[in-house]
**Q** 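Right, I'll just put the structure down here and ask away after.
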Amino acid sequence: ASEVAVGGGGGPPFPRRAGPVLGRRGGSGRGQAPRARASKGERRRAIDAYTLGILDWESVCSHVSIFTSTKLGRLACYEMEVAADLEGSDRLQGETRSVYTLEAEP
């Protein structure tokens with residue numbers, strides 16, 4: 001395998017990996033997106049599902065549910081969703097800080 005220096009030659013070389021190019025037409029079909037004409041919403045849902053799988057989101061929700069004290073709280077943990085944008089993430093972090101502050105009060 002050939003090597004490629006990253007960052008203008010000053011960084012360490014990394015092996016170049018040959019692989020299929022996504023979205024190309026023709027050939028054996030390996031490496032192609034499953035639906036070339038998927039709508040933007042369908043692609044977004046597929047990416048979101050893939051990302052949640054990589055994050056092992058179900059395990060995260062399960063782990064968080066251990067810290068609840070009620071059945072309703074445990075069920076709510078399994079319905080948690082990742083924020084869709086930065087503002088939503090900031091809002092959720094603010095909620096977490098607020099709860100932490102309330103629990104830290106004597």
Side-chain angles (χ1 to χ4, degrees):
S2 63
E3 294 183 349
V4 176
V6 177
F14 293 98
R16 181 185 308 228
R17 297 183 186 216
V21 177
L22 295 178
R24 277 197 163 166
R25 297 185 189 270
S28 67
R30 289 181 48 195
Q32 293 182 7
R35 298 180 69 193
R37 296 178 189 233
S39 71
K40 186 175 182 178
E42 289 172 330
R43 285 192 308 265
R44 171 67 190 248
R45 283 188 292 279
I47 291 169
D48 288 349
Y50 177 77
T51 302
L52 293 178
I54 294 293
L55 293 173
D56 199 11
W57 187 247
E58 286 184 32
S59 292
V60 171
C61 294
S62 177
H63 184 73
V64 170
S65 75
I66 294 169
F67 299 99
T68 63
S69 58
T70 66
K71 176 80 172 176
L72 189 58
R74 279 188 290 282
L75 293 174
C77 287
Y78 287 99
E79 295 178 8
M80 290 189 306
E81 293 184 6
V82 176
D85 54 22
L86 181 59
E87 291 79 21
S89 182
D90 288 342
R91 181 183 52 79
L92 292 172
Q93 285 182 338
E95 289 177 13
T96 302
R97 280 191 295 275
S98 296
V99 169
Y100 179 76
T101 302
L102 288 173
E103 290 180 348
E105 291 179 2

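The shown structure was predicted, so the numbers you read here are calculated from the model rather than taken from an experiment.
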**Q** Under the side chain to side chain donor-acceptor pair (under 3.5 Å) test, which residues partner S62, sequence neighbours left out?
**A**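 Checked S62 against side chain to side chain donor-acceptor pair (under 3.5 Å); matches are Y78.
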**Q** Could you give the side-chain donor-acceptor pairs of residues 70-77 under 3.5 Å, partners two or more places apart or in another chain?
**A**
residue	atom	partner	partner atom	Å
T70	OG1	G73	N	3.0

**Q** Check side chain to side chain donor-acceptor pair (under 3.5 Å) between S98 and all other residues, then give those that pass, not counting sequence neighbours.
**A**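 S98 satisfies side chain to side chain donor-acceptor pair (under 3.5 Å) with no other residue.
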**Q** Check whether more than 12 heavy atoms from other residues, nucleotides or ligands sit under 6.0 Å from atom CD of E58, and answer yes or no.
**A** no
**Q** Calculate, to the nearest 0.5 Å, the distance between atoms CD and SG belonging to E79 and C61 respectively.
**A** 10.0 Å
**Q** Between CH2 of W57 and CE of M80, what distance do you get to the nearest 0.5 Å?
**A** 5.0 Å
**Q** Can you measure from CG (L92) to CD (E87) and round to the nearest 0.5 angstrom?
**A** 12.0 Å
**Q** Report yes if the side chains of V60 and L55 come closer than 4.5 Å at any heavy-atom pair, otherwise no.
**A**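 Of all side-chain heavy-atom pairs linking L55 with V60, none is under 4.5 Å.
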**Q** Where do A83 and G88 come nearest, in terms of heavy atoms and distance?
**A**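 Smallest heavy-atom distance, with atoms named: CB-C, 3.5 Å.
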**Q** List in chain and number order the residues that pass ring-ring contact (aromatic ring centres under 6.0 Å, His included) with Y50, two or more places apart in sequence or in another chain; answer none if no residue qualifies.
**A** none
**Q** According to salt bridge (Lys or Arg N to Asp or Glu O under 4.0 Å), who are the partners of E95, at least two apart in sequence or on a separate chain?
**A** R91
**Q** List the residues meeting salt bridge (Lys or Arg N to Asp or Glu O under 4.0 Å) with D56, not counting sequence neighbours, and say none if there are none.
**A** none
**Q** Could you tell me whether a side-chain N or O of T51 sits under 3.5 Å from a main-chain N or O of I47, the two making a donor and an acceptor?
**A** yes
